[in-house]
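Chain A is the first sequence line, chain B the second, and so forth, proteins listed ahead of strands; every chain is numbered from 1.
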Amino acid sequence: MKLQDNDNYLSQLNDQQRDAVLYCDGPQLVIAGAGSGKTRVLTYKIVHLLHLGYDPWRIMALTFTNKAAREMRERIEALTSPEVSSRLWMGTFHSIFSQLLHRNAERIGFAHDFTIYDTSDSRSLIKLIVRDMQLDDKLYKPANVQARISKVKNMLISPDDYARNPDLIDADRDGGMPHVVDIYRAYWKRCHIAGAMDFDDLLFYMNILLRDHPDVLERYQQMFAYILVDEYQDTNFAQHLIVHQLSRLHNRLCVVGDDAQSIYSFRGANINNILQLNKIYPDLKIFKLEQNYRSTQVITQAANSLIEKNEGQIPKKLFTANQHGDDIPVIRCFSDYEEAYVVANQITRIKARQGDSYEDFAVLYRTNAQSRVLEEAFSNGGRRDTHGNVRDAIPYRIYGGLSFYQRKEVKDAICYFRLIVNPNDDEALRRVINYPARGIGDVTVGKVNHCAVEQGVSMWEVMNHPDSFQLNVNRGTQAKLNGFVSMIKDLAAMNEGGANAREMAESVYRKTLILSVLMHDKSPENISRQENLQELLNAVGEFVDNKHETGDDHNTITDFLAETSLLTDQDMDDPDGEKVTLMTVHAAKGLEFKNVFIVGVEEDLFPSAMSADTLQGIEEERRLLYVAITRAKQNCIITYATSRYRNGETKSCVMSRFLRDIDMQYLSIDATREATPTRSWQDTANALMEQWQPRPSSRRYTWAGNSQTPLSTSSTPQHSTPSQRAVRPATASPAVSGDASRFTIHTADELAVGKQIVHSRFGQGTVTQVDTSGADAKIEVTFNDGTARKLLLKFAKFEIL
DNA sequence: ATTCGTTCGGTTTTT
DNA sequence: CCGAACGAAT
């Protein structure tokens with residue numbers, strides 16, 4: 001195992017961190033306060049394990065977000081080598097378990113090409129079931145039922161268990177929804193028939209796999225010699241149990257977390273998983289990291305004083321040796337509208353004062369809906385002159401909201417991909433069977449569905465064997481169905497024939513006409529859809545290129561789906577930085593910014609009205625604010641408005657109770673609003689004018705990360721709202737920082753044995769062979785980490801020294 | 001079957 | 001205010 005700095009990595013840790021890294025003899029809990037170097041400990045610990053001789057593929061490191069996993073992998077790569085870091089089992093719970101389940105699918109009665117239902121797929125299936133069962137969907141609201149099913153799944157309760165559980169049954173009956181159990185059972189069955197798993201199933205079936213197949217359990221227990229888990233306070237029971245099962249043979253477990261940052265109980269996270277870990281592991285060693293390296297004293301102390309108001313925390317006192325810092329301004333605004341302009345103005349001002357870049361700013365809010373006004377203010381640069389003309393817009397980037405893969409046209413294309421991989425995927429089928437319109441309407445689809453339910457098969461099965469199932473449709477309709485079936489079959493045959501993902505995607509576009517139907521209409525939203533489909537194609541292409549370049553032949557559309565279906569919006573790389581980040585507090589967990597605005601700190605919003613009636617609810621909201629404050633390195637600015645436009649009407653609001661929980665000495669409540677009096681007056685006047693006139697269209701044509709409003713098109717009606725902007729999908733390669741344009745494609749005659757190159761991923765190396773014999777010229781390179789690789793010249797991007 | 005207009009209901013956070 | 005969902009019209 002080759003490490004760059006040998007033992008040097010240990011010198012970059014403080015005593016507590018080093019202790020936590022060095023202890024590798026048994027189960028370990030690291031309570032890591034905000035900003036205390038949690039990720040650093042995990043990263044260095046893995047490096048340390050590698051140094052001790054652990055094989056990378058025997059280390060499992062679980063995170064909650066793809067982003068966290070990716071960042072950790074990059075850091076480890078820098079300290080070791082791509083060769084080593086790429087072999088670690090590192091990823092989100094869902095993605096790691098998805099991989100393991102795909103390998104063992106047949107053991108739990110699934111085809112190995114099972115597909116994954118996202119939240120909207122499973123909701124639409126539940127809705128369908130509710131209707132099929134002739135239940136009232138006003139009563140059995142799909143979202144509610146879904147949440148309930150999700151909750152019990154995370155407690156590992158199957159439909160049979162549910163039926164046997166008097167508490168659940170009674171609760172449903174008392175709640176007037178006695179049929180939840182039946183919906184759950186039907187849902188369960190139909191997912192199974194469709195060969196599909198939802199997010200919760202990935203955890204559930206992983207448990208089933210380990211529970212019912214001792215040989216599999218033993219194999220993985222043997223294989224995973226060390227298991228590390230990040231953000232353990234946010235694990236639910238299903239995750240907790242898997243971790244325990246896998247780790248209990250070697251007992252080499254390191255979990256890192258902070259009970260004060262547990263903010264996902266609505267998703268089944270159970271704080272007791274971390275608080276009572278010592279009950280399961282009597283020899284658990286506890287390490288505390290209490291020194292904050294991120295924030296000023298003011299921010300750290302203010303956060304401490306807030307979280308103290310919660311009961312039942314693990315006692316710890318976060319301290320920092322950082323500078324004292326400025327007080328936290330608490331700015332009262334008249335309206336949400338004014339609040340947005342105040343934030344925009346403050347950003348401009350602080351940026352000028354501190355010489356910051358826009359990347360140094362984040363605006364955090366409780367709900368996604370709050371982003372709209374902010375976007376509008378940012379597009380206007382936070383200022384208007386007397387004529388209302390737009391001045392210097394503030395570039396921003398929104399995380400959350402609609403992700404790229406959720407956009408209608410993109411999801412349609414993806415559903416074709418899914419159908420090719422797994423034609424039994426009923427949700428994908430229902431979605432695209434008549435898109436583009438091919439004369440297969442609701443009535444026909446309803447018949448196919450009905451027949452499928454009766455026979456206990458997938459809709460595809462019914463359509464594929466029309467003779468075995470009497471479908472009461474006329475000849476014309478039957479012909480249309482047959483046409484669809486054979487189209488999918490042709491594509492599937494191509495996939496099985498080994499076509500790569502790009503070839504498949506191109507064929508899908510061509511055969512299904514999804515792109516060409518958008519050509520007829522030149523409306524802006526249609527153009528935007530075309531762009532998005534093109535963007536998806538690019539993403540697929542990059543995926544294939546990357547695979548090619550690294551000599552990995554898993555480049556089919558099946559592989560593409562497996563790797564992307566668990567990606568979210570947060571995982572998108574933004575090509576051009578220099579933007580203010582707008583996101584929910586939840587999405588900000590684990591991140592840090594020099595300057596953080598927390599907006600809408602009002603009763604009924606933060607804390608949310610939904611959580612206000614229970615103590616646990618309030619405490620979770622308080623932790624959420626704690627998370628928000630501790631994201632800030634230097635400046636934290638809190639705003640609230642006394643009136644807010646919500647659900648179509650203006651409501652008056654009051655300051656959040658949480659502001660009273662923060663020690664006054666760290667706040668400057670009377671912070672005056674920025675801007676000159678005239679500006680301020682002007683902003684207010686503008687705000688008032690807005691109430692009179694129809695609002696200036698907040699719908700702006702923006703896409704692919706371009707948040708500036710193109711003035712030339714502002715007269716045409718636009719239908720894509722700002723928060724729906726497409727985002728460029730992440731490239732599969734962990735991009736090397738710095739100037740990517742240095743890395744380009746080269747031809748064989750530029751190269752010779754002995755030449756030095758720098759590869760965009762693998763770093764520097766020496767060419768050991770140039771092979772132009774085949775159709776595609778290849779070179780062989782020995783990189784400085786000792787690994788030798790073959791690179792295809794038509795794909796590999798590097799610089800010749 | 002598709003499209004367009006109207007009404008109605010709802011509102012947290014996300015892998 | 002926004003989207004879903006339903007009903008009526010080519």
Side-chain angles (χ1 to χ4, degrees), chain A residues 62-69 91-98 116-120 122-124 127 131 137-138 141-144 146-147 150 153-154 197-203 231 234-236 238-239 262-269 336 364-370 372-373 399-403 405-406 408 434-446 476-477 480 565-571 583-589 600 604-612 617 620-621 623-625 627-628 644-651 694-695 698-699 719 721 723-724:
Chain A
L62 301 170
T63 64
F64 272 82
T65 65
N66 293 295
K67 193 173 184 198
T92 62
F93 281 89
H94 291 85
S95 87
I96 296 289
F97 298 161
S98 166
I116 293 175
Y117 279 177
D118 67 21
T119 314
S120 68
S122 59
R123 184 165 307 172
S124 94
K127 189 184 275 181
R131 280 149 82 124
D137 63 358
K138 299 284 188 302
K141 288 184 211 133
N144 284 352
Q146 183 184 32
S150 170
K153 261 191 199 167
N154 286 324
M197 291 197 197
D198 65 21
F199 290 144
D200 302 315
D201 285 334
L202 294 171
L203 306 177
E231 311 273 20
D234 285 327
T235 52
N236 59 35
Q239 292 164 319
S262 166
I263 55 173
Y264 280 106
S265 70
F266 71 92
R267 213 166 71 190
D336 52 341
L364 308 183
Y365 36 78
R366 179 66 245 270
T367 65
N368 280 308
Q370 288 168 260
R372 278 229 166 81
V373 255
Y399 283 106
L402 262 197
S403 95
Y405 292 106
Q406 303 276 343
K408 184 197 174 307
N434 199 32
Y435 184 82
R438 42 176 82 87
I440 304 173
D442 290 348
V443 178
T444 308
V445 174
T477 307
K480 288 169 185 163
S565 50
L566 291 168
L567 288 185
T568 64
D569 205 33
Q570 323 277 319
D571 303 314
M583 60 180 151
T584 62
V585 181
H586 281 91
K589 196 176 71 160
D604 287 349
L605 184 59
F606 204 163
S608 153
M610 298 293 180
S611 337
E620 176 142 327
E621 296 281 318
R623 290 192 292 269
L624 196 52
L625 184 58
V627 168
R644 183 170 295 275
Y645 203 67
R646 278 223 271 178
N647 318 325
E649 53 184 341
T650 308
K651 291 190 172 146
R695 295 192 144 204
S698 65
R699 297 146 181 260
H719 294 289
T721 60
S723 57
Q724 293 174 324

Between Y264(A) and F266(A), what is the ring plane arrangement, given parallel below 30°, perpendicular above 60°, and tilted in between? tilted

Mind checking the P distance from dA4(C) to dT13(B)? Whole angstroms is fine. 15 Å

F199(A) CZ to dT15(B) P, in whole Å, measures 8 Å

Can you check whether T92(A) has a side-chain N or O nearer than 4.0 Å to OP1 or OP2 of dT14(B)? no

In whole Å, I'd like the distance from the CD1 atom of I96(A) to the C1' atom of dT15(B). 13 Å

Rounded to whole angstrom units, what separation is found between the CD atom of Q239(A) and the C1' atom of dT14(B)? 12 Å

Listed partners of T235(A) passing side chain to side chain donor-acceptor pair (under 3.5 Å), at least two apart: N273(A)

Tabulate protein N/O versus nucleotide N/O from nucleotides 7-10 of chain C, keeping only pairs under 3.5 Å, one per line.
none

In whole angstrom, what separates M583(A)'s CE from dT14(B)'s C1'? 14 Å

In whole Å, what is the span from the CD atom of E231(A) to the C1' atom of dT14(B)? 14 Å

Integer-rounded Å distance: dT15(B) P and D200(A) CG: 13 Å

Within the side chain of N434(A), is there an N or O that forms a donor-acceptor pair under 3.5 Å with the backbone of R438(A)? yes

Within the sub-3.5 Å range, which N or O atoms of nucleotides 4-6 of chain C have a protein N or O partner, and how far apart are they?
from: dA5(C); atom 1: OP1; to: K127(A); atom 2: NZ; distance (Å): 2.3
from: dA5(C); atom 1: OP2; to: K127(A); atom 2: NZ; distance (Å): 3.3

Which residues satisfy the side-chain contact (heavy atoms from CB on, under 4.5 Å) test with V445(A), sequence neighbours excluded? R430(A), I433(A), I440(A), M459(A)

N/O donor-acceptor pair under 3.5 Å between Q239(A) side chain and N236(A) backbone: yes

Reckon T119(A) touches a base, only the sugar-phosphate, or nothing at all at heavy-atom distances under 4.0 Å? base

Look at all strands and tell whether T235(A) reaches a base, only sugar-phosphate, or nothing, counting heavy atoms closer than 4.0 Å. nothing

Within this structure, what is the CG-to-C1' distance between D604(A) and dG10(B), rounded to whole angstrom? 15 Å

Going by the rule side chain to side chain donor-acceptor pair (under 3.5 Å), which residues pair with S122(A) if we only count those two or more places apart in sequence or in a different chain? Q146(A)

What pairs with T119(A) under side chain to side chain donor-acceptor pair (under 3.5 Å), at least two apart in sequence or on another chain? none

Looking at K651(A) and D604(A), is there a salt bridge between them, counting it only when a charged N and a carboxylate O are closer than 4.0 Å? no

For S95(A) versus L566(A), what's the shortest heavy-atom pair and its separation? CA-CD1, 3.5 Å

Distance check needed: dT14(B) P versus N236(A) CG, whole Å only. 17 Å

List in chain and number order the residues that pass side chain to side chain donor-acceptor pair (under 3.5 Å) with S608(A), two or more places apart in sequence or in another chain; answer none if no residue qualifies. none

Tabulate protein N/O versus nucleotide N/O from nucleotides 11-13 of chain B, keeping only pairs under 3.5 Å, one per line.
from: dT11(B); atom 1: O2; to: N647(A); atom 2: OD1; distance (Å): 2.9
from: dT11(B); atom 1: N3; to: N647(A); atom 2: OD1; distance (Å): 2.5
from: dT11(B); atom 1: N3; to: N647(A); atom 2: ND2; distance (Å): 3.2
from: dT11(B); atom 1: O4; to: N647(A); atom 2: ND2; distance (Å): 3.3
from: dT12(B); atom 1: O2; to: R366(A); atom 2: NH1; distance (Å): 2.7
from: dT12(B); atom 1: O2; to: R366(A); atom 2: NH2; distance (Å): 2.5
from: dT13(B); atom 1: OP1; to: N368(A); atom 2: N; distance (Å): 2.9
from: dT13(B); atom 1: OP1; to: N368(A); atom 2: ND2; distance (Å): 3.2
from: dT13(B); atom 1: O4'; to: R366(A); atom 2: NH2; distance (Å): 3.1
from: dT13(B); atom 1: O2; to: R366(A); atom 2: NH2; distance (Å): 2.7
from: dT13(B); atom 1: O2; to: H586(A); atom 2: NE2; distance (Å): 3.4

Those residues at least two apart in sequence (or on a different chain) that pass salt bridge (Lys or Arg N to Asp or Glu O under 4.0 Å) with D234(A) are K589(A)

Name all residues meeting the side-chain contact (heavy atoms from CB on, under 4.5 Å) criterion together with A68(A); count only those two or more places apart in sequence or in a different chain, and write none if there are none. T63(A), T65(A)

By side-chain contact (heavy atoms from CB on, under 4.5 Å), R644(A) pairs with (sequence neighbours left out) D336(A), E339(A), Q370(A), E602(A), L605(A), A641(A), R646(A), C653(A)

Give every pair of a protein N or O atom and an N or O atom of nucleotides 2-5 of chain B that lie under 3.5 Å apart, one pair per line with the distance.
from: dT2(B); atom 1: OP1; to: N434(A); atom 2: ND2; distance (Å): 3.3
from: dT2(B); atom 1: OP2; to: N434(A); atom 2: ND2; distance (Å): 2.8

Counting N and O atoms only, with roles assigned by atom type, does the side chain of H586(A) sit under 3.5 Å from a partner on the main chain of I263(A), one being a donor and the other an acceptor? yes

